[in-house]
**Q** 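The structure is given below, and queries will be raised subsequently.
Remember, it's 1-based here, ligands and their atoms both numbered in the order they're listed.
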Amino acid sequence: MINFSTYSFSGRKVLVRVDFNVPLDKETFEITDDKRIRASAPTLLHILENGGSLILMSHLGRPKEGPEDKSSLKHIVKGIENVLGREVKFAGDCIGHEAKSLAEKLSPGEVLLLENVRFYKEETRGDTEFARKLSELGDCYVNDAFGTAHRAHASTTQIASFFPDDKMAGFLMAAEIESAKKVMQETKRPFTAIVGGAKVSDKVLIVENLLNVADHIIIGGGMAYTFFKAQGGTIGASLCEDERLSTCLEILEKAKEKGVQIHLPVDSIVADAFSTTAVFKICNSKTIEDKWMGLDIGPASQAAFSKVISESQTVLWNGPMGVFEMQAFSSGTKSVAEAVVKATSSGAFTLIGGGDSAAAIQKFGLSEKVSHVSTGGGALLEYFEGKILPGIEAVEN
Ligand code: AMP
C-alpha cells in the first residue's frame, strides 16, 4: 500500500473522500457536532502543508431522489473553514463543468468542496462511469472515510481503480485499520470482547465471529435477556427477541466447544417502567418478576465484568450495558468504561466501537484514556463480523 505520510503531494490536486456526514440542526442547518470534520483534519492539513490542494468528496444524509437542500454540503462550508483555518470553495455539483473548472483553477494550499456525491444514484450503485468523472478532477486519491468503508460506492471504491499508483488511506483511515488489526490479527491475550446494546439480532454475526478469536465474551445490555429466557429464566418485561432464543443457545454451545468463556450479567437493575422516574431495584437476572424490566447490569455483574476486563491485554467494546442515556441506568456502562480505562493504563490495547459505546465513553469523559475510539459504527461492526470492507480493499490492493 502507498504510504500517505511519505507520498509527495507537492503541486498535486488531491481528491479526498471524507466522511463529513455531520448532524445538522433541522431548522438552521448549522452543524451540531463537527467531530467528523475534526477527525479528518490531520489528513487534510498534512496534504495542504505539503503543497497539495484539496478536492473534498463526501455524502450527507440519505437523499433518495437527487438534490435536496437539507442534504446540501453547502451547509458545512463554514464548519470546514473553522476547522482548517482557510477558505473553502464550493462546487454546486460534484461532477460537470463547474466542478472541473474550479478544480483546474485550484492552487497549492487551496480547498474545494464538492456537492453531495449521493445526489447521484450512481454513487451508491458503485457506477464506474460516475467514478471516472470524479477521478478526472484530481491527480491522486486519498480515502479517509472509514465510516463508509463497508460500502462499495463509487467515491469510496470504484474511483480508486483510476489511480493504481496514487491511491492511499489517510491518517484517520489508517489509524482505524491499524486498531482493528491490533484486535483481530495481532491479538495480545487474554482478549475480552464486550458486546451490549438492545438487540441480539444486530450482534449475532459479530459474536459468532468473535468466538473464533476471543478468550472472553461479555454480553450485557438488553440483548442479555434473550439469553436468560433461552436458558429457562423468567425476564418479566425485559427486552426479548423470541425468534432468537435458539440462536442464543447455539452461541452458548459453540462457546463451550471453542473454550470461550461467555459472561452474562448475574444480576440486573430492574424497573417498573422505561422511565427516569421509575421505581427500581436489584434482582437476579434469571428471576425477574412480571412487569419489571432489566435496564442495567447490577453490582455483582459490574464487579465480575470489571475483573475480567482489567485482567485483559486486548479489549474490544461495542454496545452499552444498559440504558446509559438515563442516569439511573448508566452505572453498569460506566463501570465497564472505567474497567476499560484501567486495563489501558496497565498496558492493554483497548478499542471502543463507534455509535453508542463511543457516545457513552465520551459522556463519562474517558475517551482520551482508552487506546482508540472508532469513528465508524457500521464499518467497524462489519470488520469484526469478518467481512472484507470494500473501501479498505480498494486502497490497499
Ligand atoms: P445498539 O444500538 O444495539 O448498540 O443499542 C443501544 C441502545 O440499547 C441504547 O440506546 C440503550 O439505551 C439500549 N439498551 C441497552 N440496554 C438496554 C436494556 N436493558 N433495555 C432496553 N434498552 C437497552
**Q** Under a 4.0 angstrom heavy-atom cut-off, which atoms of ligand 1 come close to G294?
**A** 18 (C), 19 (N), 20 (N)
**Q** Quick one about S275 and T277 (side-chain donor to acceptor, distance below 3.5 Å, no hydrogens or angles considered), yes or no?
**A** yes
**Q** Any N/O of A198 closer than 3.5 Å to an N/O of ligand 1?
**A** yes
**Q** Do N143 and K167 have side-chain N/O donor and acceptor atoms under 3.5 Å apart?
**A** no
**Q** Got a sec, which pairs hit side-chain hydrogen bond (donor to acceptor under 3.5 Å, both in side chains) with one end in residues 351-365, sequence neighbours left out?
**A** none
**Q** Donor-acceptor pairs under 3.5 angstrom involving side-chain atoms of residues 20-28: please list them, not counting sequence neighbours.
**A**
from	atom 1	to	atom 2	distance (Å)
N21	OD1	G61	N	2.8
D25	OD1	E27	N	2.8
D25	OD1	T28	N	2.9
D25	OD1	T28	OG1	3.3
T28	OG1	E30	N	3.3

**Q** Check E325 against ligand 1 and report side chain, backbone, both or neither, counting heavy atoms closer than 4.0 Å.
**A** side chain
**Q** Less than 3.5 Å between some nitrogen or oxygen of G222 and one of ligand 1, yes or no?
**A** yes
**Q** Would K203 count as a polar contact of ligand 1, with the cut-off being nitrogen or oxygen pairs under 3.5 Å?
**A** yes
**Q** Hey, is L295 touching ligand 1 through its side chain, its backbone, both or neither, going by heavy atoms under 4.0 Å?
**A** both
**Q** If we set the cut-off at 4.0 Å for heavy atoms, which region of V323 has an atom near ligand 1: side chain, backbone, both, or neither?
**A** both
**Q** For G221, counting its heavy atoms only, list the atoms of ligand 1 lying under 4.0 Å from any of them.
**A** 16 (N), 19 (N)
